[in-house]
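Written out below as structure tokens is the structure these notes cover.
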Amino acid sequence: MPNSYQNVLALIFAIEEINWSIQLLPNISLGYEFHNFLYSHWRILESFLILQTGQDGIPNYTCGRETKSVALLTGTSWATSAQIGGLLELYKFPQITFGSFDPMLSENRQFPSLYQMAPKDTSLAIRMVSLILHFSWNWVGLVITEGQNGLKFLSDMRAEMDRNGVCVAFVKMISTSLLHDFLTRETSPVNVVIIYYDTDSLNDVNYCIGLHLVTWRVWITNSQWHADITGKNFILDSFHGTFIFSYHHEEISGFKNFIQTAIPSKYPEDPFLALYWFQNFHCSLSESTCTLKNCTPNASLAWLPGNHFDMDMSDGSYNIYNAVYAVAHALHEMFFQQVQVQSTSKGGWTVLSLWQLHPFLKTIQKLDAKYDILNFWNFPEGLKLRVKVGEFSPHVPHGQQLSLSEMIIEWATGITETPQSVCSESCKPGFRKTPQEGKPTCCFDCTHCPENEFTNDTDMEQCVKCQDHQYANSQQSHCLPKSVTFLAYEDPLGKVLTGTALSFVILTGVVLGVFIKHRHTPIVKANNEALSYIPLTSLISCFLCSLLFIGHPNTATCILRQTTFGVVFTVAVSTVLAKTVTVVLAFKITSPGRRMRQLLISGAPNCIIPICSLIQFILCGIWMATNPPFIDTDAHSEQGHIIVCNKGSLTAFYCVLGYLGSLALASFTVAFLARNLPDTFNEAKYLTFSMLVFCIVWATFLPVYHSTKGKVMVAMEVFSILASSAGMLCCIFAPKCYIILLRPNRSYLCKFRDKTHSWRKIHS
């Protein structure tokens, strides 16, 4: 009743305003007539017959009327317009609807005499989805009343939601038989629900939702929604915080003042106003005159609370106001352009041909609607305020069409901040979305990005691989530039290795000095003085070459690292091999003049050193000539760093290392075979141990080298050089230094000869 009666007042206000105007229809007064269309096919037709002819018995027969109506304003029901549309078309009777725009009624062939005042609702889905996107909601339920309008809205809504990545949690098409369970049977929990209303089922849907007291949801609805005037839950209301998309219309000047002055005594012929007064202002009814009495003094509709009468003009009332003015302007234009007017009326009044109004009514233009976004405040229940919190205008650039004042938005009861409505929580940077099988695209799992890949935004579907000169941070949310790193002297590990190398250099130098100082002792002479100086010198070079691996590499150090390492170690190992062969030849000579004695005296074993070194030198030369080591960036060796020395040809590197290992294995084999020779001044055992240590170190080096990256890999190579060199130094020269420095009495040549003679005698 409250909203319907406001439509009545809007019609009266518009007609009175036109009648008082001197510019529009001068000297002509408009009248009006109300008919309450009941929900009955026959009653609807009966009302039209009364309106058209003045009686409801015989069609085309006018009785008791001096004038006819020139236009018919009807409400929102498609059924009403369809039922009387055919009959109106027989008379070319103009029909103007003031309800929401209905695409079915826009068919000119079926309803050529029907005009709709409401703007088209085709963009309503776009407006609602824009609000959903503004709050980052993507899991939304749809409750739509059945009918042609509902199906059209559902189609538009699905298309717009799919285009913007919003998923439908559920769809409920509401009919009278399903009103009792459309909330309880929904399968998907969702915080935001869009309700599309038509006026026929409005009150029933409101009642169903209010009955469940769903206070934790955000409802979004169209302008046909209005609050139930009854209060059932005292304080709480399911619709508090509802967003309403209402057509934007300018405030009609004087309308509120007109409502304030509308009283039954002013409009005694209006039974609806008298009935409304009787229900709200404690009036009594005079039995004799059937009029109101004892009403509240100076009562006015403005006194009533918003849940009883809304002073703000509704969309329907605004459309009625415009419809009256549209008819008035059409009449005005027709009167001033018509050359001849049919007239013959009993009282001399001009009788209009209704079809003549159609050319003027067809000029009514409806642009895309501008929407106001209203927020329904109803806490405590009964407040029932519609507060404008934003608007959507299609006439501004894209991206600026929606404007909201979020500070004044009231959310549903119990919600203090912007609610979330998503199927799955957003994937943070560093994760990517993985679809859940059989579910909408809004439902997904978050999967961590693979190594060295990143995502820098939420809900990204693919991880992006960092470039070669970058690496992903620990959260994998962005890439960081790789820093150039190397085994520096300033690093703790670099300091330890440098100190160790220099210590062994000094120690080896001390040993060399001891040997030079005691070069005339039997133990030094017996072990070939020259073959003692060469390995000591090469070991010093081995310890020093490890320093080439420490510090910032450049082209020179990259080349010298491998070549120096290969050559000096070859010299050291080949010297061990020469010493081993010399020892074997010395103890295998049993008779003077034999060829072995000649080989030993001529120093033939010493040729092993230059021959073996030459072969290694040739290998290194081929390596340097084909694919030498160079400065490079190894993007995959260590996460977050760049290793800047490349060995060039790995084949050449392993050939150099393999050749060195072959020499060490040969030295170990020969020394092992000579291990049972007399132990005084016999180096065979010590040489065996030194080569065993050497082989163990480098056999362990290979797998560990390939399992490490970056400067740790370089440190492992330095450690292997130091360990193998130290093993040779300790195993070969430590026993001799012990005898020279601590047990000099054991270095007499006579004892050596006596033991040698005894050994020969035993084996003769």
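More than 12 heavy atoms of other residues, nucleotides or ligands sit less than 6.0 Å from atom NZ of Lys647. More than 12 heavy atoms of other residues, nucleotides or ligands lie within 6.0 Å of CZ in Phe444, so this atom counts as buried by the packing criterion. Surrounding CD of Gln462 are at most 12 heavy atoms belonging to other residues, nucleotides or ligands under 6.0 Å away.
In this structure, Met728 and Phe694 approach most closely via the heavy-atom pair SD-CD1, 4.0 Å. The two residues Ala412 and Arg217 have their closest heavy-atom pair at CB-O, 3.3 Å. Shortest non-hydrogen contact noted between Leu547 and Tyr489 is O-OH, 3.1 Å. Across Pro419 and Val218, no two heavy atoms sit closer than the pair CG-CG2, 3.7 Å. Among all heavy-atom pairs drawn from Pro429 and Thr458, the shortest one is CD-CG2, 4.1 Å. Here the closest heavy-atom approach between residue Met157 and residue Leu142 is recorded as CG-CD2, 4.0 Å.
For the 3.5 Å distance criterion, the side chains of Gln436 and Asp445 qualify, holding a donor opposite an acceptor. Asn456 and His478 are not linked by any side-chain donor-acceptor pair at a separation below 3.5 angstrom, with hydrogens and angles left out of the test. Between the side chains of Thr434 and Thr447, at least one donor N or O lies within less than 3.5 Å of an accepting N or O.
Taking the side chain as every heavy atom from C-beta outward, Met128 and Leu124 approach each other to under 4.5 Å. Between Phe653 and Pro629, the closest side-chain pair of non-hydrogen atoms is not below 4.5 Å. Contact annotation: the side chain of Gln470 never approaches that of Leu480 to less than 4.5 Å [non-hydrogen atoms, C-beta and beyond]. Taking the side chain as every heavy atom from C-beta outward, Leu660 and Val573 approach each other to under 4.5 Å. Residues Leu493 and Leu487 meet the side-chain proximity criterion, which asks for heavy atoms closer than 4.5 Å. Residues Ile721 and Phe569 have side chains in contact (heavy-atom distance under 4.5 Å, counting atoms from C-beta outward). Using a 4.5 Å heavy-atom cutoff, the side chains of Val389 and Leu374 are not in contact. Within the 4.5 Å cutoff, the side chain of Cys442 has no heavy atoms near those of the Ser424 side chain.
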Next on the checklist: Would Phe245 and Ile220 count as a side-chain contact (heavy atoms from CB on, under 4.5 Å) here? Give the steps.
Outcome noted: CA-CA 8 Å; Phe245 278 79; Ile220 303 174; 3.8 Å; yes

Item to check | Steps toward side-chain contact (heavy atoms from CB on, under 4.5 Å) verdict (Leu539, Leu512) | outcome: CA-CA 10 Å; Leu539 285 177; Leu512 180 60; over 6 Å; no

Checklist entry - Should Tyr533 and Thr575 be marked as a side-chain contact (heavy atoms from CB on, under 4.5 Å) after you check the CA-CA gap, both sets of side-chain angles, and the distance that decides it? => result CA-CA 10 Å; Tyr533 296 157; Thr575 303; over 6 Å; no

Item to check | Derivation of the side-chain contact (heavy atoms from CB on, under 4.5 Å) call for Tyr196 and Val143 | outcome: CA-CA 6 Å; Tyr196 182 82; Val143 177; over 6 Å; no

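Side chain of Asn375 to main chain of Ile409: no donor-acceptor pair is present (N/O by atom type, distance under 3.5 Å, no hydrogens or angles). The main-chain N or O of Pro535 is found under 3.5 Å from a side-chain atom of Ser538 such that the two form a donor-acceptor pair. Judged by distance alone, with hydrogens and angles left aside, the side-chain atoms of Ser541 form a donor-acceptor pair with the main-chain N or O of Thr537 at under 3.5 Å. A donor-acceptor pair under 3.5 Å links the side-chain atoms of Tyr659 to the main chain of Cys612, judged by distance alone. Side chain of Ser546 to backbone of Phe543: a donor-acceptor contact under 3.5 angstrom is found. In this structure, the side chain of Ser155 does not engage the main chain of Lys152 through any donor-acceptor pair within 3.5 Å. Within the 3.5 Å criterion, the main-chain N or O of Thr557 finds a donor-acceptor partner in the side chain of Asn554. Between the side chain of Thr564 and the backbone N or O of Arg561, no donor-acceptor pair lies under 3.5 Å.
Here Lys370 pairs with Glu391 in a salt bridge; the nearest charged N to carboxylate O distance falls below 4.0 Å. Salt bridge Lys433/Asp459: absent, no basic N to carboxylate O contact under 4.0 Å.
Checked against a 6.0 Å centroid threshold, the rings of Trp139 and Phe170 do not count as neighbours. For an aromatic pair to be called close, the ring centres must be under 6.0 Å apart, and Phe431 with His448 satisfies this. Annotation: Phe565 is in aromatic contact with Trp698 [ring centroid separation under 6.0 Å].
Rounding to the nearest 0.5 Å places OG of Ser649 at 10.5 Å from CD1 of Ile622. Annotation: the span from Phe701 atom CZ to Leu657 atom CG amounts to 6.5 Å, rounded to 0.5 Å. With rounding to the nearest 0.5 Å, the separation of CG in Leu663 from CD1 in Ile608 is 10.0 Å. A distance of 11.5 Å separates OG in Ser662 from CG in Leu577, rounded to the nearest 0.5 Å. Rounding to the nearest 0.5 angstrom, the gap separating the CD atom in Glu453 from the CD atom in Gln476 is 8.0 Å. Ser426 OG to Asp457 CG: the interatomic distance, rounded to the nearest 0.5 Å, is 9.5 Å.
Cysteines Cys443 and Cys423 place their SG atoms closer than 2.5 Å to one another.
Below 30°, between 30° and 60°, or above 60°: for Phe135 and Phe243 the angle between ring planes is between 30° and 60°, a tilted geometry.
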